[in-house]
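Everything below concerns the one structure shown next.
Counting starts at 1 for both ligands and their atoms, in listed order.
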Amino acid sequence: MELVIKNLTKTYKNGVKAINNLNLEIGTGMFGLLGPNGAGKSTLMRTIATLQEADEGTITFGDLDVLTQKNEVRKILGYLPQEFGVYPKVSAEVLLNHLAVLKGLTNTKERKEVVKALLHKTNLYDHRKKNMGGYSGGMKQRFGIAQALLSNPKLIIVDEPTAGLDPAERNRFYNLLSELGENTVVILSTHIVDDVKELCTNMAIVNRGEVLLKGNPVKTIEQLKDKVYKKTILKNELEHYKQHHVVIAEKFLLGKPVIHVLSESDPGDGFIPIQADLEDVYFSQIFGRDQHQNALS
Ligand code: ADP
Ligand code: MG
């Protein structure tokens, strides 16, 4: 099964163009939609999840026309929205059972089995009787996955699921997500480069409603081979370097600023060539573009 998005455009009533003539083909496996806040990720995901209309363009999933056959799509869809609220005074077991009824699992015995299996899968079984108000962020997100997996979805959409999780919770969540995929299309949106690095075989970097780059993360890194250099600088030198180089990253190492620059040839001046990583790919797309113009002008 493949999800195909063609020439999708969406402008909100306030004039914000959240999606701008966007094209993507997404096959089975884990696909990362990587972009900063405001890039249009949630808008795109809500549109695919049949919760919002587009102005122009088409989305198909196999034979299904996603924008018109909404009920058909909902039967095969699992969706974890960015703002996923749980009822604090209800236990995971009760809520999951209730959501399963809404999803059409009317056979009690079968439903109990499904709920139990999902609570095990998401490592919530031992906490199933507790009110979710007391759950950690990671536990709530795992519950979010459990509800998204009710009724064996063929298309799974998870919107920024790791935001706000601490590193240990994030790792546990990666383990859970990495078990999805195989025969399903899983779309994960995130502004966290590591999410894509850890989980995704394919990705698209998006900003301002447009796709800037798509492909296999490892291959996109190869395209930056011999093009990224780093240098430790003084704080007050940053502006100078930004004017003369395409600065794609500013980090701190042991309290000192370190910059990464994009360059076709060795910039000299104390710069050291480095092996690019996915973060360099991301920032060269997000920041490098505008700066490239500045540095050249
Ligand atoms: P992301 O999920 O990547 O952060 P969003 O899809 O939430 O991006 O937002 C894309 C742009 O659309 C942003 O500029 C945001 O402020 C705007 N936007 C999102 N939802 C609405 C809305 N309901 N009404 C008006 N503008 C919106
Ligand atoms: Mg969002």
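Of the protein's heavy atoms, N14 ND2, 3.2 Å lies nearest to atom 25 (C) of ligand 1. Of all protein heavy atoms, the one closest to atom 4 (O) of ligand 1 is G38 N, 2.7 Å. Ranking the protein heavy atoms by distance from atom 7 (O) of ligand 1 puts S42 CB, 3.7 Å first. Considering only non-hydrogen protein atoms, atom 15 (C) of ligand 1 sits nearest to V16 CG1, 4.7 Å. Ranking the protein heavy atoms by distance from atom 19 (C) of ligand 1 puts Y12 CE1, 3.5 Å first. Closest to atom 9 (O) of ligand 1, if we only count protein heavy atoms, is T43 OG1, 3.9 Å. For atom 8 (O) of ligand 1, the closest non-hydrogen atom on the protein side is G40 N, 3.0 Å.
Using cut-offs of 30° and 60° on the angle between ring planes, the pair Y125 and H120 is parallel. Using a 30° and 60° split on the angle between ring planes, F283 and F287 fall in the parallel class, below 30°.
At a heavy-atom cutoff of 4.0 Å, ligand 1 is contacted by no atom of S189, backbone or side chain.
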request  = Show your reasoning for whether side-chain hydrogen bond (donor to acceptor under 3.5 Å, both in side chains) applies to T9 and D55.
outcome  = CA-CA 6 Å; T9 296; D55 298 332; over 6 Å; no

inquiry  = What verdict does the side-chain hydrogen bond (donor to acceptor under 3.5 Å, both in side chains) test give for Y87 and N131, after you've listed the backbone C-alpha separation in whole Å, the side-chain angles of each residue and the deciding distance to 0.1 Å?
reply    = CA-CA 8 Å; Y87 296 92; N131 285 351; over 6 Å; no

request  = Quick one: do N216 and N202 satisfy side-chain hydrogen bond (donor to acceptor under 3.5 Å, both in side chains)? Show the steps, please.
outcome  = CA-CA 5 Å; N216 172 296; N202 265 300; 5.5 Å; no

ask   = Yes or no on side chain to side chain contact (heavy atoms under 4.5 Å, CB included) for L155 and I48, after CA distance, side-chain angles and deciding distance?
value = CA-CA 10 Å; L155 174 61; I48 301 169; 4.1 Å; yes

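The OE1 atom of Q82 and the OG atom of S42 meet at the Mg ion (ligand 2) at an angle of about 80°, given to 10°.
Contact check on K242 versus E250 returns a salt bridge, with a Lys/Arg side-chain nitrogen under 4.0 Å from an Asp/Glu carboxylate oxygen. By the 4.0 Å N-to-carboxylate-O rule, K70 lies close enough to E53 to be salt-bridged with it.
Between the side chain of R128 and the main chain of E93, no donor-acceptor pair closer than 3.5 Å is present.
Among K41, H191, Q82, the residue whose heavy atom sits closest to atom 3 (O) of ligand 1 is K41.
Residue M45 does not count as close to the Mg ion (ligand 2), with no N, O or S atom under 2.8 Å. The Mg ion (ligand 2) lies at 2.8 Å or more from every N, O or S atom belonging to N37.
Between G209 and ligand 1 there is no heavy-atom distance shorter than 4.0 Å.
Looking at heavy atoms from C-beta onward, R208 lies out of side-chain contact with N20 at the 4.5 angstrom threshold.
Residues I192 and V281 are members of separate hydrophobic clusters, defined by side-chain heavy-atom contacts under 4.5 angstrom among Ile, Leu, Val, Met, Phe, Trp and Tyr.
Distances below 4.0 Å separate heavy atoms of P36 from the following atoms of ligand 1: 3 (O). Proximity to N37 (heavy-atom distance under 4.0 Å) selects the following atoms of ligand 1: 4 (O). Ligand 1 places these atoms under 4.0 Å from at least one heavy atom of A39: 1 (P), 3 (O), 8 (O).
In terms of polar-atom proximity, defined here as any N/O pair under 3.5 Å, A18 makes no such contact with ligand 1.
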